[in-house]
Amino acid sequence: MTTLNLSSKDPARLAADALVIGVRSAGGSATVEGADFLSRSAAESVSRAITLLGVTGDTGQITKIPAGDAVKADLLALVGLGKTVEDEDGRRERLRRAAGSATAALAGTAKVVLALPTDGAQDVGAVAEGALLGSYVYDRPGTDKDSIKAPVGAVEIAAGARSKGLKAALTRAEVTAAAVHAARDLVNTSPNLLYPASFAERAAKAVKGTKVSIKVLDEKQLRDGGYGGITGVGQGSARPPRLVRLSYSPARAKRTVALVGKGITFDSGGLSLKPPKSMETMKSDMAGAAAVLHTVIAAAALELPVAVTGWLALAENLPSATAQRPSDVITIRGGKTVEVLNTDAEGRLVLADALVAAGEEKPDLLVDIATLTGAQMVALGSQVGAVMGTDAERTAVAEAASRAGEQFWPMPLPEELRASLNTPTADLANIGERMGGMLVAGLFLKEFTGGLPWAHLDIAGPAFNEGGARHYVPKGGTGMGVRTLVELLCAVGA
Ligand code: BES
Ligand code: MN
Ligand code: ZN
């Protein structure tokens, strides 16, 4: 990974491939911000470049110009900071995006200095996090490394005087970005390589040498344990399902939090087969489990005073002679029966088992995260996630997301929709009213939370970026949810 350092030296005197400075958008034009260190002549040539090149200062816009003699770096990169915003969370997110746009645009270079306008440790942390998030490159297995553009080698952040909490903010940024990168890697891995057993093995490898312990239930243990949702979904695949339990349990834990992730390593829909177009992104249907795995590891690395368990509900949803049929009735762990009217509504089945198992340990807070419904994308698009659940927990997640710079919007669980899940043949069906499908899925999950404080995050859209790269978000797996969950755990432990 890209290395990160702080510097209190004059940024103009630092040797680098590029020196990045911020430009603020104001009235259709841009003004330099936080680069008082530039000599008068350097500042003048930057202003000229802004006018001549039509630099607007829009968030993430990048303009590279030769640095000239006044600056030791070879290139000056002007990065847009957007318009001034009043709220702290929004301002920090603009710093993240500016830093990430810069490191993404400068991929392939060895050293970059970031001299962005920061005020205090939290701001520097945001710049550091953005810079690292923007330096992600998927290290494709089997590809000649020379054919892939390497991420920026080293980032030096001009942070002025040492402020309080700087080191902690930097560690937090490094740990969080590493977790996001690792989650992206899992999502990007093709489903012939990543299947339930190999996911569990990768989890075991990832926790080696950390304070996280792992237990893996195989298909036989799942059958014996009454996990009818996970075994039902997994029975159509030659590659059997797994349930992974991760645990980080510090001695001075203030509270306990259980995180549950949907881990469908490929979702074909099963016998309720998806059309080919809809299958193209379905290797990403394990993004929730990837986020949970690396959030637990991050919590341990940060030594947060919270006991965290992570549950990865892993299965591959395929049609075959052994696949479950639409109208099969299965029994979820704990005894509730479900009529599987649509085998493509499989995420809620594996989550139901895992929520029950997690709830048996009576955590103070239960959170699940899943690429659960196409309806999530209809409601909120491809960049905003949804959060549902009990009132206080839904609010806590939405606020943590805002601080972390991820967009999660609170959504209701209207009781009136619950009746649409009724069926004469089981306790409930796995599909109901089509309108408000995201909320219906949330109401289904609620049945398995045992009344515990709970939040449900639907990341169907934002988990996988089908469009082009933007600021610190690459194409493909995004790592959505990791930053919110890490921030949530920090808040719970505070
Ligand atoms: N994994 C999908 C949801 C999804 C769709 C995620 C698109 C990301 C992008 C989920 O298992 C699914 O198929 N849901 C169905 C539920 C329906 C059958 C009630 C859906 O949303 O169509
Ligand atoms: Mn599905
Ligand atoms: Zn799915």
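First listed ligand is number 1; within each ligand, the first listed atom is number 1. Since the structure is predicted, the reported quantities are computational estimates derived from the model, not experimental observations.
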So if I count the atoms of ligand 1 from 1 in the order they appear, which ones are less than 4.0 Å from some heavy atom of [X]?
| X | value |
| --- | --- |
| Thr373 | 3 (C), 21 (O) |
| Glu346 | 11 (O) |
| Thr371 | 1 (N), 2 (C), 3 (C), 6 (C) |
| Asp267 | 1 (N), 2 (C), 10 (C), 11 (O), 13 (O) |
| Arg348 | 16 (C), 19 (C) |
| Met377 | 7 (C), 9 (C) |

Out of [options], whose heavy atom is nearest to [atom]?
| atom | options | answer |
| --- | --- | --- |
| atom 19 (C) of ligand 1 | Leu372, Val350, Ile431 | Ile431 |
| atom 9 (C) of ligand 1 | Lys274, Met279, Met282 | Met282 |
| atom 1 (N) of ligand 1 | Val233, Asn342, Asp285 | Asp285 |

Under the 3.5 angstrom rule, does the side chain of [X] hit a backbone N or O of [Y] as a donor-acceptor pair?
| X | Y | result |
| --- | --- | --- |
| Thr210 | Ala206 | no |
| Ser272 | Gly269 | no |
| Asp458 | Leu372 | yes |
| Asp58 | Gln61 | no |
| Arg333 | Gly225 | yes |
| Thr231 | Tyr227 | yes |
| Asn430 | Ala345 | yes |
| Thr295 | Leu485 | no |
| Ser268 | Asn317 | yes |
| Thr390 | Ala392 | no |

Quiz item: Is it true that the NZ or CZ of Arg184 lies under 6.0 Å from the centre of Tyr138's six-membered ring and within 45 degrees of the ring axis?
Solution: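 Cation-pi check for Arg184 and Tyr138: fails.
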
Tell me, which protein residue and heavy-atom name are nearest [atom], and how many Å apart are they?
| atom | value |
| --- | --- |
| atom 20 (C) of ligand 1 | Gly374 N, 3.8 Å |
| atom 15 (C) of ligand 1 | Asp344 O, 4.0 Å |
| atom 6 (C) of ligand 1 | Ala460 CB, 3.6 Å |

Self-check item: Minimum-distance N/O/S atom that Asp267 presents toward the Mn ion (ligand 2)
Solution: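 Result: OD2.
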
Quiz item: So which N/O/S atom does Glu346 have closest to the Mn ion (ligand 2)?
Solution: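 Glu346's closest N, O or S atom to the Mn ion (ligand 2) is named OE1.
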
Self-check item: Distance filter under 2.8 Å, centred on the Zn ion (ligand 3) - protein N, O or S atoms that pass it
Solution: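 Result, waters dropped: Lys262 NZ, Asp267 OD2, Asp285 OD2, Glu346 OE2.
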
Output yes when [X] and [Y] qualify as a salt bridge under the 4.0 Å nitrogen-oxygen rule, no when they do not.
| X | Y | value |
| --- | --- | --- |
| Asp368 | Lys262 | no |
| Asp123 | Arg91 | yes |
| Arg92 | Glu88 | yes |

Quiz item: Does ligand 1 have a heavy atom under 4.0 Å from the side chain of Lys262, from its backbone, from both, or from neither?
Solution: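 Side chain only.
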
Self-check item: Test item, Arg434 contacting ligand 1 (heavy atom, 4.0 angstrom)
Solution: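 No; Arg434 lies far enough from ligand 1 that no heavy-atom distance drops under 4.0 Å.
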
